[in-house]
Every structure is written in C-alpha cells, then in structure tokens.
Amino acid sequence: MARINLDHIRHAYGPNPKKPSDYSLKEVHHEWNDGGAYALLGPSGCGKTTLLNIISGLLQPSEGKILFDGKDVTNLSTQDRNIAQVFQFPVIYDTMTVYDNLAFPLRNRHVPETEVDRRVTEILEMIGLSDRARKKAQGLTADQKQKISLGRGLVRSDVSAILFDEPLTVIDPHMKWVLRSQLKRLHKQFGFTMVYVTHDQTEALTFADKVVVMYDGEIVQIGTPAELFEKPKHTFVGYFIGSPGMNVLPAKIDGSSVDLDGQKIALSFAPKFSAGAKTELGIRPEFIRLGREGMPVTISKVEDIGRQKIVRASFANRPIAIVVHEDGEIPAEPKVTFDPAAINIYADSWRVPDTSLVGGEA
Amino acid sequence: MEKTWNNKAWFMVLPVLVLVAFSAVIPLMTVVNYSVQDTFGNNEFFWAGTDWFIQVLQSDRFWDALTRNLIFSGIILAIEIPLGILIALNMPKKGLGVPVCLVLMSLPLLIPWNVVGTIWQVFGRVDIGLLGYTLDAIGVPYNYVNNVFDAWVTLIVMDIWHWTSLVVLLCYAGLVSIPDAYYQAAKIDGASRWAVFRYIQLPKMKRVLLIAFLLRFMDSFMIYTEPFVVTGGGPGNATTFLSIDLVKTAIGQFDLGPAAALSLIYFLIILLLSWIFYTVMTNSDAQS
C-alpha cells in the first residue's frame, strides 16, 4: 500500500492545450494518505474518471507528476504501477473458472503456483465464493462478478492502491448495501489505499474518510463529509451534497450586514472579497428554523418524506427549501430565522472564509 | 389478457408458406421426381427407383469430385479463418482508418462471382495476364491451364482474395463490441498480448467465428462459378468439383436422372456437414 502524490497534474485530451477550458482536468495538486479511503464525487463528465485513469496509468497526464511513496511513476505502465482497478461493469474472463480468474493476475506475474493457491484460497474466502471456485465465471450474477473483479485486485499482495470506477452501478440496490459494507470491512481489515469514483453522494459520504468533490474538471473541495456539509467551499458543493441541496440566495453585503432583497441579516463577521464580485448567501435547509418570528416566507408545498418534512417556500422572491422535523408545526403566518453559525457567504461562487475562524479550515 | 385459442394464426403464415413452396419446395420436389425416374423426353417417364442413386454412389467420378470439394474447403477454411482473425485484430479501432479499411475490405465482396473468375482468369494468363506474365518473365514456371498444382493454387488464392474479407468483417464486428474496460483490466492484471487474445478476444469472437466458419464452409463446398470461369474444371478433371460435375451431367450430357440424384446427395452432404459443425460448435459453447 502506498501514499499517492499528485504533483500539479493537468490533462487535456486534445493536443496543444492553451486556454484553461482546453483541459478536461484542471490542475490537481494533492496527497492521498497511505491506507486512506477517498471518494471522487461529481456529476458525469467532471473529470473523475480522467483523474482515476491517470492514477492507474491508463492515461498519461499532459502535465505534472504522480508519485507513489515518493517514487515517480508518471512514465510507468499500468502493470508496473501495481494498481488494481474495479470497473463500472464487471470484467471477468468468461472462459475461465472463478479460481482461474483470481489466479490470472498472479500467474501473469509468474508467482509460484503454491503461493497462487494460498492467495486465491484466501481471497475466495474473503469474497465468499469458495463454493464456486471450480465453476465457470460466466454463469454468475452481476454482484458475484463484481466481487471477482474486486478479488482480482485484492489477490496481489503488492498492490499500491485499489481504484473503483463507479463499481456498484449495475448492482441491485439491496446488494449495494451488502457490498458497500463488505468493502468497508475489508478496507478496515487490510488498510489498502482506496480511491472510489461515484456520482452518488450517499455512497461517497458513507464510504470515504475524505470526499473529493469535482466540478467541471476541477477539484472544488476536499474534506470530510461533515466539512462538505457545514462549510461547502463552492456553491456547487452546497447544491450537490445534501438532499435537498443548500439554499443559495443572491445577497448584497455591506460590512457585516447582508441584504437579501430587502431582508437584512447581521453576520458575526465582515466578509472580505474583491469589489464587484457576485455575492451570495448559502444556508442549508436543515439550519433554517420555521416559526412565528423572523422573516416572512410564503409556503408553496410541503413534502413529507417520513422522518422529516421538506417545506418548499418562497423567500425574498427566491425559492428555498426548509427541513422541518416530522412533528414540527407549520404556522399559519410562517416566518424563518437562519442559524447564524450555519451561514456561508460566497463571492463569485467561492466561499469567503469567516475571519473569526481563520485557520479553522485548511 | 385472455388468450384466444384458435387456428387463425396459420392464415398469417400462409403467404410465406406459398412463397417458400414456389421458390424452394416445388423445385426441390421436381428434382426428387427426376431422381427416381428415367426420361427420354416427350414427357415420358419410367420408374427407376433408387437406380440413379446407386449409380452415382458407385461411380469414381462422384467420389473424386467429393474428395476435391473436401480438400478445397479444408484448405480455404484453414487459411481464411486465421488470416481473417489476424487482419481483424490489426484493423484500426477508431479514426479515419476505420471507414477506409471497411470499404477496402468490402470491395471483393461487392464483385459478382463470374467477374471475380474473369479477373483471375485474365490475371493469371501467361500471355497477357499481369500475374502469369510476370511470373513467366522472372522464370517461375506457372500455367494454370495445364498444371494441376498451379490451377489449384490459382483457385485457392482467388477464393482467399474474394472471401477473407467476410471473415475479417465478422471478426471485426465481434472485436469492436468488446468494451474498453476488458482491455484496461487485462493491462492491470498484467496480461500478455497472447493472453488478451486467448482469454478476451477469442471468447468474445466465438459466436461470429461460428457463423463465419459455417458460411465459408457452405459457400466453398458449393463453389461453382469461379472455377468454371477460370479452369472450366481442368486441367483434365483436376478442378472438377461436385457442382461442376453436376452441371456437366445435367446440361452437358442431359442425364437428368443421375444429375437429380447427384444434386440430392450433394444437398444432403452439405446439410449434414453444416449440422454436424453447428452442433459440435454450439455444444462446446454450452459446456463452457
């Protein structure tokens, strides 16, 4: 297992990139810790898979270097990098048995047959397919096939990291839960470095220690699930994480007071941003309190989703969402207050750090 | 929905039945009719029973032609299938090369069979043909008109030129349907080029290869036009295949009875061999 350094990586699919928009992957400069579980989260086409393929060596970055444990591997082929990758659709070798499928990566590397047998038996046990070892892999179900793909990664003892490219897309919802928790257990047990690409926020948040949110070829935020929830660095993170996403309202800011189309809110700090920037206020639906005091709203719809109610309302001529507890009452003349600690201020879509908490985020 | 049980559906297949009857069944039954009777014209028929069949099966002429057919099909399958796979593997997967290669590959398939024969007949002529003249000029003795070996080589090379494209196109279709992830996974698993072919490409091409094999077998076993145009069955009877023999019997000698018997035997051989190939190949598929 290894620490992975991405040193000023950029990638463009076309030749001679000049403008920033020529790059499918804008500059990434980051370190992934040994044994960490990382999720790459973002909408389709945001560069997640590009980044993953650069790490695995299926793609050469246009610029920058990749280091595994401090060793430059940028020019090494996939084979020499000792990377395992699990793909969106299960890749199995149809004509081989389950056992031979798992032995394949070892035999290709000329591992002695006794060692092959020991490793394969261990992995079969681990993924729970021991009873099918001698069967052809062709007749298995999608989740069993995906387990074999995973097993082919785990079987090599020298693997630096295991990369997952939306591996649960073709799996039934209830099997997803099972596989996800098995994967998490295996990760805890063996401590491999794991990079997991997904566009499903639940998957990313339950799975990873650190979530890397990507948007338009750029990493917009790397953080723990809590950081992404409480302090989204970019309005996109606010929208994308959470259900419903963060309310983002255009705001005029003067010193420490915010003007939301006539409604004034006082902040605990005076945000600093360059003049002329587009300023917005972001607040998660969970941190808006609906009651008889505060600023008036007009409720248009209440969605009952079981343990919570999502109130769709119009505030300062903008639609907002409010999360109310299932027995929370909805007054006849509804008013809202914003939790001051949960207010984020954005200038040109990027979060303005609250000066009272300088150094609090890094 | 409640299912209605009646026989109305038969009326729906009636048009096809009529069409097949006129195009296949009736002509075939005419042949059967000829094969069991003797005629001297004037629409007079005499019952002959199995005489013609026995006569055909006891003649050396039939067995020699059948052997030639089997050897010819064997050789062209042994060359065209591996060659087709090899070309398909090396064809570009994307870019401008794809349409260019596909068009080039399709060209031989678009040429009418008798034209293919004529092209090679002229191409190989020692007096005016590019191939024959050149070989003659550089001192290689070549003459498909009077040398048995040269005649066979010419026919085999012509068939390869004409039909390998079909195998290539079918294999290529099988190859491009393999998702990229397979190749990427193979790279990650450290698979060699041979392993990629053996465990990914060949299994994925299996079905199209079965079709290619059957088509090439049936077509080559029924070959008529090209050898008829190039060698006319000669030198001697060296390239007289069953089909050529059949036409000679039927139209050359007007032995309608033996010709009908021969064509039925010929038809049954092709049917039997195709069925055997198909069963063997699909069975091996089901076992895996």
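Hydrogens, waters and symmetry mates play no part in the numbers below; they use all other heavy atoms, side chains included.
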Who wins among A:Leu58, A:Asn82, A:Leu106 for the most heavy-atom pairs under 4.5 Å with chain B? A:Leu58
Under a 4.5 Å heavy-atom cutoff, which of A:Val86, A:Asn108, A:Val155 has the most pairs with chain B? A:Asn108
Of the non-hydrogen atoms in B:Tyr199 and A:Tyr93, which two are nearest, and what is the gap between them? O-CD2, 4.1 Å
Restricting to pairs with a member in residues 161-172 of chain B, which pass side-chain hydrogen bond (donor to acceptor under 3.5 Å, both in side chains), not counting sequence neighbours? B:His162-B:Glu226
Within residues 177-191 of chain B, contacts to chain A at heavy-atom distances under 4.5 Å involve B:Ala181, B:Tyr182, B:Gln184, B:Ala185, B:Ala186, B:Lys187, B:Ile188, B:Asp189, B:Gly190, B:Ala191
Among residues 65-99 of chain B, those lying within the under-4.5 Å heavy-atom range of chain A are none
Are more than 12 heavy atoms from other residues, nucleotides or ligands located less than 6.0 Å from atom CD of A:Gln189? yes
Is it the case that over 12 heavy atoms from other parts of the model lie below 6.0 angstrom from the OH atom of B:Tyr278? no
Rounded distance [0.5 Å steps], CD1 in B:Ile200 versus OG1 in A:Thr95: 9.5 Å
Sorted by first residue and then second, give each salt bridge (charged side-chain N to carboxylate O under 4.0 Å, His left out) pair with at least one member in residues 42-56 of chain A; sequence neighbours left out. A:Lys48-A:Glu166
